[in-house]
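Since this is a predicted model, take the numbers as computed values, not measurements.
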Amino acid sequence: MIAEVIVDISNSEVDRVFDYSLEGSPEIRAGFRVLVPFGRQTVEGYVIRLKESSDFVGLKAVIKALDDCQVISDEMLSLMDYMTDRYHLRRADALRLFIPAQMRGGRVKELKVKYAEIADEYRGRDETEFIRPSAKAQLDLYYHLSECGCDSVAELNKNFSAAALRNLIARGIVTTREEEELRTPYSSLTSEAKSGVVLTAAQSEVADRVRSGGGEIYLLHGVTGSGKTEVYMRCISDALAMGKTAVMLVPEISLTPQVLRSFRSRFGDKVALLHSGLSVGERFDEWRRLLDGRARVAVGARSAVFAPVKNPGIIIIDEEHDSSYVSESNPRYVTHEIAAFRARYNDCALLLGSATPSIESYYKAVNGEYKLLELPERINKRKLPEMEIVNMCKEVYDGNNGVFSRLLLDELSACMERKEQAIIFINRRGYSSYMMCRSCGYVAKCSQCDVSLVYHKEENVLKCHYCGNRYAVLDECPQCHSPHIKRGFVGTQAIVERLQELFPDKKILRMDNDTTQNKDSHAKILGEFADKKAAILVGTQMIAKGHDFPDVTLVGIVDADMSLHFSDFRAGERTYQLITQVAGRAGRDAKPGKVVLQTYTPNHYVYRFASSGNYRGFYEKEVNLREVTKYPPFSKIVRILVCGENEELCAHVLKGIFDDVSVLTKDNRGCFAYFAAMKSPVKRIQNKYRVQILMRIVSGFDNIIKDVYNIVDRHSVAKASVFVEVNPNNLG
């Protein structure tokens, strides 16, 4: 037999099939990882197909299989073909997504623990027959093992004499055995088993429609607190009852501990967790449990869409609107499209859920491509929180130059007096967003990126939020030497500092990228707040979604305008989503909730619809604007991004691509609503210059994008990276 192999080298020059003989390796099948000779070296590869013969003579043979089973299923091999065609990926890059990264190169293996126990023929006998009374260390060890039955060799060496243990093993008195030990993430996150949860009539109707719908795609639009998670659990229970598996995706790593606790309480050790915050060993073990069927429910962030579950009965994407579901680094892909492929392949339902669906998804639901399901009310008909909009221009006019409006301060004080909890949302980390000289206008910027530096007071440094570089804080302007340095907009650190001054006897927690660097940081912060060890939680968008704290009765949105005035067609949509999601953290239990939203543009339509909870009204306004301007869903945006350390080379490559695409636009008149070349809004990141072409394609997309890919391939050079992105989330 002949194996068709993709070598594990991410290079376009070798992105093709190589034939190898399977002489001496009859056990190898498609989906095996193998070691093969390649030129003068040996490399890892993936077998994608077997065939009887090859057109090549003198084939080299596969050296060996790297695993004892098929680690990439037939489904994933089909998915590889889909992804390489859809996203213009190299096959090796797609295949790497299907296995834990550290499996490559053998950097992670099963954890084997050696245990010791007394041999059968020595168990229960008088120890003086074979251990001298003077050998106290050996006797202590023997008594310990007699009492406990067995113990790990590592623990015995730590607590007893290692030499004594070696002696007893050498004489056959003690035997050893190796056992696999699973590395379980968040093992402390346990809950009592729950069963028999009774759904409301509305929840039951949604779950029944999903169960009876086969391979459809459903969009579940449910207001915050409407019980979407219970619907997800019922759908998963139904799939498991039919002998199938399930995949549940959540957008943020910060959500997974909370989701995992709920899912473990319902499904026990059938649940496996997959996300980038796990240790190497934990991720490998959870992946293997899904591969061999010991776990049947995969829960995780974006990458869990590639979970090696067999025969899924339901795939769920919670908070489907979230931008983290689009991979914006190589390999680029859209989670919704991968999930839809897997749903089609397995003839199972795909359920997308959100309180604030993306405009594109809701448009598909309105027009019948998706099936629309709705949960318009909170559980037990609890009211959505009352939202009050504060005009910060009036606050300034009345002499209040502080970061908090008078209303928010009053509501915070009342909330603290009632011994309830509050969440303060500001989508900007650090202490202040920039440092500027008041005399000459100089702004401190990163030497490697074309962005201003953010002041972090706790560490007393300026940080670049793109590359992570750190700089000394300015005491004077480096250009004019003026000591008059102004700080920009406040961030989470400054908010916490001000709140601590106002409420010195209250514990205040902060949750942003700076406080969640460690693996368990998310769970620790959220756990403390859930246990009411803190009165106020200050955070960025990672606190906006999914969290359920019964005692939170107040949400303060400090600067609602922050995401509204970006030069991005999704700015209004993202602002609406953020406001609605963070507002939904208030009043989720019996106590009513209140939201105070601070803005300098109180009459903007986004706030009008958000304050009344009118998603349909917002959608109709937004979709009308997009139809007029020919933005998605009425077009596909394509960005060609060229990056490199040589600015002239990047410009030269871009010009060549632009000239060829210009011919394409002339040959396809009427298909393009927009086409232009320009510098990227962020002109340099990590010392790499960035230039781009933007186009909006309104018809004939499938044929045009293939031509675009071919043009880009023709102009690719070694010292510049060229990426094609379709509907990128971030045009910066």
Seminar exercise, completed: What one should report as the nearest heavy-atom pair of Ile338 and Phe306 is CG2-CE2, 3.7 Å

Problem set entry | Shortest non-hydrogen contact from Leu554 toward Val596 | CD1-CG2, 4.2 Å

Run the salt-bridge test on [X] and [Y] with the 4.0 Å N-O cut-off and return the result as yes or no.
X: Glu725; Y: Arg639; answer: yes
X: Asp659; Y: Lys655; answer: yes
X: Arg626; Y: Glu622; answer: yes
X: Arg342; Y: Glu337; answer: no
X: Asp450; Y: Arg690; answer: no
X: Arg574; Y: Asp568; answer: yes
X: Asp660; Y: Arg714; answer: yes
X: Arg470; Y: Glu459; answer: yes
X: Lys457; Y: Glu497; answer: yes
X: Glu374; Y: Arg616; answer: no

Take the angle between the ring planes of [X] and [Y] and call it parallel below 30°, perpendicular above 60°, tilted in between.
X: Tyr615; Y: Tyr362; answer: perpendicular
X: Phe569; Y: Tyr631; answer: parallel
X: Phe658; Y: Phe675; answer: parallel

For this session: Start with the C-alpha distance between Leu373 and His221, add both sets of side-chain angles, then the distance that settles side chain to side chain contact (heavy atoms under 4.5 Å, CB included), and finish with yes or no.
Result: CA-CA 6 Å; Leu373 308 171; His221 176 213; over 6 Å; no

Check whether [X] reaches the backbone of [Y] with its side chain - one donor and one acceptor, N or O, closer than 3.5 Å.
X: Asp93; Y: Leu97; value: no
X: Asn624; Y: Glu620; value: yes
X: Lys630; Y: Glu627; value: yes
X: His456; Y: Glu458; value: no

Taking atom types as modelled, is there a side-chain donor on [X] or [Y] under 3.5 Å from an acceptor on the other?
X: Arg510; Y: Thr515; result: no
X: Asp561; Y: Thr601; result: yes
X: Arg428; Y: Thr540; result: no
X: Asn614; Y: Ser612; result: no
X: Glu395; Y: Ser405; result: no
X: Gln581; Y: Thr224; result: no
X: Asp713; Y: His88; result: yes
X: Ser563; Y: Thr575; result: yes
X: Glu320; Y: Ser361; result: yes
X: Tyr471; Y: Ser447; result: yes

For this session: List the steps and the verdict of side-chain hydrogen bond (donor to acceptor under 3.5 Å, both in side chains) for Arg378 and Ser226.
Result: CA-CA 4 Å; Arg378 282 186 159 184; Ser226 60; over 6 Å; no

Exercise. Do other residues, nucleotides or ligands put more than 12 heavy atoms under 6.0 Å from the NZ atom of Lys594?
Worked result: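 Yes - once you tally the heavy atoms of other residues, nucleotides and ligands closer than 6.0 Å, there are more than 12.
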
For this session: Could you give me the CA-CA distance, side-chain angles and deciding distance for Leu597 and Val390, then say whether side chain to side chain contact (heavy atoms under 4.5 Å, CB included) is met?
Result: CA-CA 6 Å; Leu597 184 152; Val390 178; over 6 Å; no

Rounded at 0.5 Å granularity, tell me how far [atom1] in [X] sits from [atom2] in [Y].
X: Met392; Y: Leu408; atom1: CE; atom2: CG; result: 8.5 Å
X: Met511; Y: Thr516; atom1: CE; atom2: OG1; result: 6.0 Å
X: Met562; Y: Leu564; atom1: CE; atom2: CG; result: 11.5 Å

For this session: Could you check Tyr455 against Gln493 for side-chain hydrogen bond (donor to acceptor under 3.5 Å, both in side chains), going step by step and ending with a plain yes or no?
Result: CA-CA 10 Å; Tyr455 175 50; Gln493 285 183 16; over 6 Å; no

Problem set entry | Derivation of the side-chain hydrogen bond (donor to acceptor under 3.5 Å, both in side chains) call for Arg90 and Thr84 | CA-CA 6 Å; Arg90 291 183 283 262; Thr84 52; over 6 Å; no

Exercise. Between Val712 and Tyr709, is a side chain to side chain contact (heavy atoms under 4.5 Å, CB included) present by the stated rule, with each step listed?
Worked result: CA-CA 5 Å; Val712 165; Tyr709 286 144; 5.8 Å; no

For this session: Test side-chain hydrogen bond (donor to acceptor under 3.5 Å, both in side chains) on Thr492 and Asp512 and set out the steps.
Result: CA-CA 8 Å; Thr492 49; Asp512 55 27; 2.6 Å; yes

